[in-house]
Amino acid sequence: MLAHARISLDALRHNLSRVRQLADGARVMSVIKANAYGHGLPETAEALGGSDAFAVANIDEASRLRSHFPDKKIVILQGVISQEALSLACKLNLDVVIHHEQQLLLLQQAKLSEALSVWLKVDTGMHRLGLPAEQLAAAIDRLQGCSNELNISLMSHFANADDQSDPLTEQQFGMFEQLTGQYNYSKSIANSAGILAKQDYHLDWVRPGIMLYGVNPFTDGMPSELQLQPVMTLTATIIAIQHFSKGDRIGYGGTWTCPEDMPVAVIAIGYGDGYPRHAQSGTPVLINGTPCPLVGRVSMDMICVDIRQAASARVGDPVVLWGEGLPIEVVAEHSNTIAYELLCKITGRVQREYS
Ligand SMILES: *Cc1c(COP(=O)(O)O)cnc(C)c1O
């Protein structure tokens with residue numbers, strides 16, 4: 001009675017075509033780090049095979065991906081921090097991001113066997129990775145003068161594009177334009193929220209992540225508003241129907257009290273599967289199409305649900321935790337987190353099925 005994550009490959013393809021439609025003319029670097037946001041490699045990557053490139057976080061993810069896709073352009077978003085990793089990246093024809101002086105030195109000191117594609121990353125206000133703005137021009141000079149053959153592109157990253165009222169996004173974009181305008185290299189700044197926020201941000205390469213998985217990247221809003229289709233539907237099974245009395249307290253800590261005599265369904269999914277422990281009482285699940293509220297704390301292997309509105313529910317019935325008919329955004333909000341985290345945290349116990 002395992003929990004299942006159904007992954008719709010059609011929805012993935014639809015969302016990629018939505019990116020193409022929005023960012024007409026830009027090339028698409030599909031971000032499939034963290035096991036494709038929990039959706040699983042290589043199936044997800046296969047469905048997104050129409051992308052111009054893939055991006056992952058580190059060299060381990062990149063080399064695994066390379067074994068499945070011998071010819072695809074693959075970008076390592078964190079770049080590398082050792083000479084061995086740099087040689088390996090070069091040998092496997094992986095693009096590296098250069099975001100720090102140390103990586104520049106590594107590249108200048110390396111004797112690479114082949115040409116290498118590098119993405120020089122400048123910090124325009126995210127303040128995580130990236131060269132300080134005032135070092136960008138000198139860094140480009142150094143790359144141009146490097147004895148290794150390099151294909152150079154330029155990038156930056158938005159800090160808060162998911163909040164459309166934050167002027168920082170436009171400021172970051174303005175700064176990026178100003179810093180890079182004089183160079184003829186390919187440029188990239190837009191994540192999903194940036195792609196959806198403004199056409200100007202698309203530049204030469206867009207870098208969609210979360211929207212490919214059918215999630216609305218903005219702090220409020222549902223995927224349907226953006227014509228995105230949810231990719232993952234998480235389901236589990238009812239393993240018991242209980243009848244409790246008025247005043248009975250449910251589960252660990254007894255945090256929820258029955259207001260009347262009532263039926264409660266026990267469903268075989270919990271934080272051991274990646275269902276969020278912080279989902280509050282009232283978080284909806286779907287039983288035979290009817291939204292029913294979670295009651296009490298989430299356990300490792302089980303949750304309890306008030307089924308007063310779904311009296312026909314039976315042991316063995318499937319329950320949707322998120323996905324088709326129940327946007328993951330709603331569950332994230334009730335759990336005080338974001339859909340990104342919910343998707344990434346699906347554990348190995350959940351069986352993925354692709355259709
Ligand atoms: C993860 C990531 C993305 C994708 O972000 P989404 O918000 O999921 O679209 C794009 N660029 C970089 C550098 C990233 O790390």
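Counting convention: from 1, in listed order, for ligands and their atoms alike.
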Can you tell me the protein heavy atom closest to [atom] and the distance?
atom                    : value
atom 10 (C) of ligand 1 : R207 O, 3.5 Å
atom 12 (C) of ligand 1 : H157 CE1, 3.4 Å
atom 9 (O) of ligand 1  : S192 OG, 2.5 Å

Under 4.0 Å between a side-chain nitrogen and a carboxylate oxygen: does that hold for [X] and [Y]?
X    : Y    : value
R352 : E43  : no
D261 : R308 : no
K73  : D95  : yes
K187 : E177 : no

- prompt: Are the ring centres of Y213 and Y340 closer than 6.0 Å?
  reply: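 So the answer is no for these two rings.
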May I ask you to list the atoms of ligand 1 that are less than 4.0 angstrom from any heavy atom of [X]?
X    : value
I210 : 6 (P), 8 (O), 9 (O)
K33  : 1 (C), 2 (C), 3 (C), 14 (C), 15 (O)
Y37  : 1 (C), 4 (C), 5 (O), 6 (P), 8 (O)

task: Kindly confirm or rule out an N or O of Y340 lying under 3.5 angstrom from an N or O of ligand 1.
output: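 Yes, at least one N or O pair falls under 3.5 Å.
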message: Quick check: G209 and ligand 1, any N/O pair under 3.5 Å apart?
response: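 G209 vs ligand 1: N/O contact under 3.5 Å present.
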- prompt: Can you tell me if S153 and S186 form a side-chain donor-acceptor pair at under 3.5 Å?
  reply: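 On atom types as modelled, these side chains do not qualify, holding no pair under 3.5 Å.
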